[in-house]
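In the text below, chain A, chain B and the rest are named by the order of the sequence lines, each starting its count at 1.
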Protein chains: 2
Amino acid sequence: MNINIIKRKESELTHYLREKGLRLTQQRKQIIAYFFSKYKHYSVEELYEEIKPQIAGIGLATVYRTMQLLVEAGLALQRRFKDNITRYEPVHKNHHDHMICLGCGEIIEFGNKKIEAMQEEVAKRHKFVPVSHTLQLYGYCAKCMAKQRRGKREK
Amino acid sequence: MNINIIKRKESELTHYLREKGLRLTQQRKQIIAYFFSKYKHYSVEELYEEIKPQIAGIGLATVYRTMQLLVEAGLALQRRFKDNITRYEPVHKNHHDHMICLGCGEIIEFGNKKIEAMQEEVAKRHKFVPVSHTLQLYGYCAKCMAKQRRGKREK
DNA sequence: AATGATATTGATATTCATTTTCAATAAAAT
DNA sequence: ATTTTATTGAAAATGAATATCAATATCATT
Ligand SMILES: [Mn+2]
Ligand SMILES: [Mn+2]
Ligand SMILES: [Zn+2]
Ligand SMILES: [Zn+2]
């Protein structure tokens with residue numbers, strides 16, 4: 001099933017490249033094949049480390065450049081949380097925001113129409129015209145909370 | 001009136017320094033005097049540039065260190081928006097979030113209990129225990145919108 | 001007021017993520 | 001096949017922030 005997604009993404013990228021006079025290289029093909037086969041919030045460094053064994057001789061700069069390209073082409077979104085490392089996620093559904101676990105680093109996506117609506121309202125109250133926003137919750141995921149409780153009990 | 005705030009902040013810092021075995025230096029005194037006399041979201045670079053003429057020979061590293069110290073002492077808050085530059089604001093009131101103007105860079109503070117409550121709710125739904133959060137709206141402030149409208153009319 | 005212990009300073013080097021440079025290479029139009 | 005030029009990988013450069021270190025200032029103790 002993943003193979004279809006990858007084919008589609010490659011074709012979407014091809015269209016973008018063509019209209020911009022750019023080229024579809026082996027590196028670009030392989031990076032998107034890998035990136036869209038997993039669903040993660042990858043940093044370039046992480047992606048590079050995982051991809052390196054698969055793509056002989058690939059350079060870090062190429063991964064940086066390709067991820068930027070995917071954003072320009074509308075196939076990926078750039079995110080940046082507290083750790084100050086740029087991450088990329090596949091464009092897959094509607095706008096959403098993130099909860100980030102301080103214990104294990106897990107990133108949970110959530111969407112909430114009410115919160116979005118209230119943001120619009122607050123903006124209007126200040127005569128501010130919103131273009132985009134970021135909302136991040138930092139804390140501990142269910143798994144990490146359970147682990148913490150176990151740890152305390154054992155003392 | 002500002003002089004009183006500054007005196008109070010200096011005394012708060014003094015208490016913190018004493019209990020930590022640290023020292024109240026001329027540089028620290030002068031930086032807090034300046035920082036608390038303006039109400040802004042200063043980057044270290046900005047603060048350094050403004051302070052340099054007032055404090056002969058002050059070093060950039062000292063400003064970096066002092067701002068960190070103010071955070072540790074609970075007198076300042078660290079913020080970081082899209083431009084990825086660390087900024088500091090005086091602790092002055094309750095928790096709040098920010099709207100940032102993409103035109104002029106103005107930073108508008110706002111607090112909204114309903115949004116905060118909904119965040120708690122969403123977190124609970126995911127069994128996520130929130131510790132902190134950041135919410136930023138990016139867009140155009142009233143002033144910049146007016147300017148833009150004027151520009152279009154003149155064409 | 002002088003002393004001594006040590007926290008602090010300013011200059012500079014270093015770090016880390018990311019970007020830029022550039023000569024060699026590969027894509028794709030002819 | 002040839003030609004044009006976008007792309008690549010390696011290495012250098014960037015920019016914000018931190019670490020290092022010898023000189024200096026603070027401040028508790030004489
Ligand atoms: Mn949102
Ligand atoms: Mn908030
Ligand atoms: Zn976790
Ligand atoms: Zn503005």
I'd like to check [X] versus [Y] (side-chain heavy atoms, cut-off strictly below 4.5 Å). Are they in contact?
X	Y	answer
Ile51(A)	Ile58(A)	yes
Phe128(B)	Tyr138(A)	no
Lys9(A)	Ile5(A)	yes
Met67(B)	Leu70(B)	yes

In B/S/- notation, 5' to 3', how is nucleotides 18-30 of chain C contacted by protein heavy atoms closer than 4.0 Å?
BBBB----BBS--
Rounded distance in Å - [atom1] ([X]) to [atom2] ([N]):
X	N	atom1	atom2	result
Lys82(A)	dA17(C)	NZ	P	19 Å
Leu47(B)	dA17(D)	CG	P	13 Å
Leu17(B)	dA25(D)	CG	P	19 Å

At what distance, to the nearest 0.5 angstrom, does CE of Met99(A) lie from CD1 of Ile108(A)?
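One gets 4.0 Å once the value is rounded to the nearest 0.5 Å.
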Excluding sequence neighbours, so at least two apart, what forms salt bridge (Lys or Arg N to Asp or Glu O under 4.0 Å) with [X]?
X	value
Lys52(A)	Glu49(A)
Arg87(A)	Glu46(A), Asp83(A)
Glu10(A)	none

If we fit an axis to the first five pairs and another to the last five of the helix from dA1(C)-dT30(D) to dT30(C)-dA1(D), what angle do they make, to the nearest 10°?
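Comparing the axis at each end, I get an angle of 20°.
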Return the set of residues passing ring pair (Phe, Tyr, Trp, His ring centres under 6.0 Å) with Phe81(B) (not counting sequence neighbours), or none when no residue passes.
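With sequence neighbours excluded, Phe81(B) shows a ring pair (Phe, Tyr, Trp, His ring centres under 6.0 Å) to His98(B), given in chain and number order.
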Contacts under 3.5 Å, N or O only, protein and nucleotides 12-15 of chain D:
none

Pairs flagged by side-chain hydrogen bond (donor to acceptor under 3.5 Å, both in side chains) wherever residues 105-122 of chain A is involved - sequence neighbours left out:
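Counting only pairs at least two positions apart or across chains, the side-chain hydrogen bond (donor to acceptor under 3.5 Å, both in side chains) contacts touching residues 105-122 of chain A are Tyr39(A)-Glu109(A), His41(A)-Glu109(A), His92(A)-Glu109(A), His95(A)-Glu116(A), His96(A)-Glu109(A), Glu116(A)-His133(A), Gln119(A)-His133(A), Glu121(A)-Arg125(A).
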Arg79(A) with Glu89(A): basic N within carboxylate O range, under 4.0 Å
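Salt bridge flag = yes for Glu89(A) with Arg79(A).
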Which of residues 52-59 of chain B have a heavy atom under 4.0 Å from DNA chain D?
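Within residues 52-59 of chain B, no residue comes under 4.0 Å of DNA chain D.
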Contacts to DNA chain D from residues 28-40 of chain B, heavy-atom cutoff under 4.0 Å, which residues?
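The answer is none.
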Lys7(A) vs Glu12(A), test: salt bridge (charged side-chain N to carboxylate O under 4.0 Å, His left out). Steps then yes/no.
CA-CA 9 Å; Lys7(A) 283 277 172 214; Glu12(A) 280 180 53; over 6 Å; no
With sequence neighbours excluded, what pairs up with Ser37(A) under the side-chain hydrogen bond (donor to acceptor under 3.5 Å, both in side chains) test?
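Applying side-chain hydrogen bond (donor to acceptor under 3.5 Å, both in side chains) to Ser37(A) gives none.
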Using a side-chain heavy atom cutoff under 4.5 Å and only I, L, V, M, F, W and Y, what cluster partners does Leu77(B) have?
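Listed partners: Val91(B).
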Arg80(A) side chain to Lys82(B) backbone, donor-acceptor under 3.5 Å:
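No; zero donor-acceptor contacts below 3.5 Å.
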